[in-house]
Amino acid sequence: MTLHAAEPAAGASTQAGPREPVPPSRAALRRADRRRRFRRDWPLLLMVAPTILVLGAFHYLPLLGNVIAFQDYSPFVGILESPFVGFANFERLFGDPDFWRATANTLGITAFQLVFFFPVPIVLALLINSLLSARLKLFIQSVVYLPHFFSWVLVITLFQQMLGGAGVVNNFLRRNDLGVIDLMTNPDTFILLVTAEGIWKDAGWGMIIFLAALSTVNADLYEAAAVDGANRWRRLWHVTLPALVPVIVLLLIMRLGDALSVGFEQFLLQRGAVGVNASEVLDTYVYYEGVVNGDFAYAGAAGLFKGVVGLLLVLGANKAAHLLGQQGVYSRS
């Protein structure tokens, strides 16, 4: 049997017609979009490049040092030569009662400050925002956030001069035969002392954020509420506080992220006066174990534990904020 090639049908053209344009692929569209956005935004990218480099060099690159938490680290041989020990440092950490005492002190101070310290900047902002005189408002702002620039050494010295055994308050009480109060060296009232010091030093500084949020509230809302018969408290409740809620939620989430970081210098300076049982927090615990005792791997495990717990608290609080209808620190959309 002989096979023949198929003959073109009678009347069919042997020449191909004009080709239709092939639509670009999705990958090509994405590349073109990236090139377009890069040509549009390259000045902004160039401006932010130094910040990204500094952030990477001083915040992300040091994260690699957390590997010593899984090593029997020795500074004489370095990270590359130190042997890995797995989770041995964490097993030792979780079995150390001093670590749990420092954790309990830290969490107790954080909870106490969330209740008694966190609302103070909000109240200060509301009070100052209600002042009618711009000059008086500026003067009070300057006075209340000035202590933020003082060092902890100066702040504790001032409190010592006021509340110490030979301070102004106790001298007044002695002259009037009223006894003395022991606030600077009493472990039972140490949590009150550090909270009072924190309020005096940083409440005014924290107030600035809430004042900035209040400055964005539309004045027409207050006028409309006043026309509707709302008094000052009604305007505060229905206009001012809703404007502050996103900022309050944001700062609350960030504070929860630092729940295990209540400070270092403030507690280190008063550690000798009130004792270790009351003043030892995780930051001072890491310092004494790592720097003073030279157990860097063990201190690294404690620091890594603190960072992981802080990250989980931020993620959990941010998720709770989303469930409550707030934007939180970040959102996927």
Side-chain angles (χ1 to χ4, degrees), residues 101-128 137-174 180-212 251-252 254-288 291-292 306 310:
R101 181 188 61 198
T103 304
N105 287 342
T106 306
L107 291 176
I109 291 171
T110 297
F112 194 84
Q113 291 186 347
L114 278 178
V115 175
F116 295 101
F117 183 3
F118 188 79
V120 174
I122 303 173
V123 175
L124 275 176
L126 293 175
L127 291 175
I128 291 180
K137 187 185 299 186
L138 180 62
F139 173 75
I140 295 178
Q141 285 182 45
S142 303
V143 170
V144 295
Y145 71 63
L146 186 62
H148 173 76
F149 300 100
F150 295 166
S151 68
W152 275 116
V153 176
L154 181 57
V155 171
I156 294 171
T157 302
L158 288 174
F159 270 77
Q160 179 69 34
Q161 293 299 317
M162 293 297 297
L163 303 176
V168 175
V169 174
N170 277 324
N171 282 333
F172 174 80
L173 294 176
R174 285 193 192 93
V180 295
I181 55 175
D182 182 18
L183 290 177
M184 298 301 295
T185 59
N186 188 353
D188 297 330
T189 58
F190 182 66
I191 192 169
L192 295 173
L193 178 65
V194 294
T195 303
E197 292 169 350
I199 290 175
W200 187 81
K201 187 176 189 297
D202 287 329
W205 184 256
M207 171 198 70
I208 295 175
I209 298 176
F210 297 104
L211 282 177
L251 294 181
L252 187 59
M254 295 176 68
R255 183 67 192 93
L256 286 176
D258 289 333
L260 297 184
S261 300
V262 293
F264 170 75
E265 190 176 357
Q266 180 187 12
F267 296 91
L268 184 67
L269 291 171
Q270 301 178 95
R271 192 171 186 262
V274 298
V276 177
N277 289 332
S279 64
E280 188 80 297
V281 293
L282 278 177
D283 288 325
T284 55
Y285 179 80
V286 170
Y287 168 74
Y288 276 97
V291 178
V292 177
K306 192 181 77 167

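Here the structure is a predicted model, which means the values were calculated and not measured.
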Should [X] and [Y] count as side-chain neighbours, where that means a heavy-atom distance under 4.5 Å?
X	Y	value
T284	V276	no
Y285	T103	no
Q266	K201	no
V286	K306	no
I208	Q141	no
Y288	D283	no
E265	V153	yes
W205	F149	yes

Tell me the closest heavy-atom pair linking [X] and [Y], and the distance in Å.
X	Y	answer
L193	L183	CD2-O, 3.6 Å
P121	G206	CB-C, 3.8 Å
L282	T106	N-OG1, 3.1 Å
F210	A125	CB-CB, 3.6 Å
T110	V262	OG1-CG1, 3.1 Å
I191	I109	CD1-CA, 4.0 Å

Looking at [atom1] of [X] and [atom2] of [Y], how far apart are the two atoms once the value is rounded to the nearest 0.5 Å?
X	Y	atom1	atom2	value
L268	I156	CG	CD1	9.0 Å
M207	Y145	CE	OH	8.0 Å
F190	N277	CZ	CG	12.0 Å
L251	I209	CG	CD1	5.0 Å
L158	F150	CG	CZ	7.0 Å
L269	F264	CG	CZ	8.5 Å

- request: For the pair F159 and M184, evaluate side-chain contact (heavy atoms from CB on, under 4.5 Å) and give the outcome as yes or no after the intermediate values.
  value: CA-CA 8 Å; F159 270 77; M184 298 301 295; 4.1 Å; yes

message: With side-chain contact (heavy atoms from CB on, under 4.5 Å) as the criterion, how do L114 and L256 come out once you've worked through the C-alpha distance, each side chain's angles and the decisive distance to 0.1 Å?
response: CA-CA 9 Å; L114 278 178; L256 286 176; 3.9 Å; yes

task: Evaluate the criterion side-chain contact (heavy atoms from CB on, under 4.5 Å) for residue pair V169 and I181; output intermediate values, then yes/no.
output: CA-CA 8 Å; V169 174; I181 55 175; 3.9 Å; yes

message: Holding to salt bridge (Lys or Arg N to Asp or Glu O under 4.0 Å), I want the full list of residues that pass it with E280, two or more places apart in sequence or in another chain.
response: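 Here the qualifying residues are R271.
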
- prompt: Under 6.0 Å from the CZ atom of F139, do we count more than 12 heavy atoms belonging to anything else shown?
  reply: no

message: Is it the case that the side chain of N170 and the backbone of A166 share a donor-acceptor pair, with hydrogens and angles ignored and the cut-off at 3.5 Å?
response: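 The answer is no, because no donor-acceptor pair under 3.5 Å joins these two groups.
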
task: Could you walk me through whether N105 and F267 pass side-chain contact (heavy atoms from CB on, under 4.5 Å), step by step?
output: CA-CA 11 Å; N105 287 342; F267 296 91; over 6 Å; no

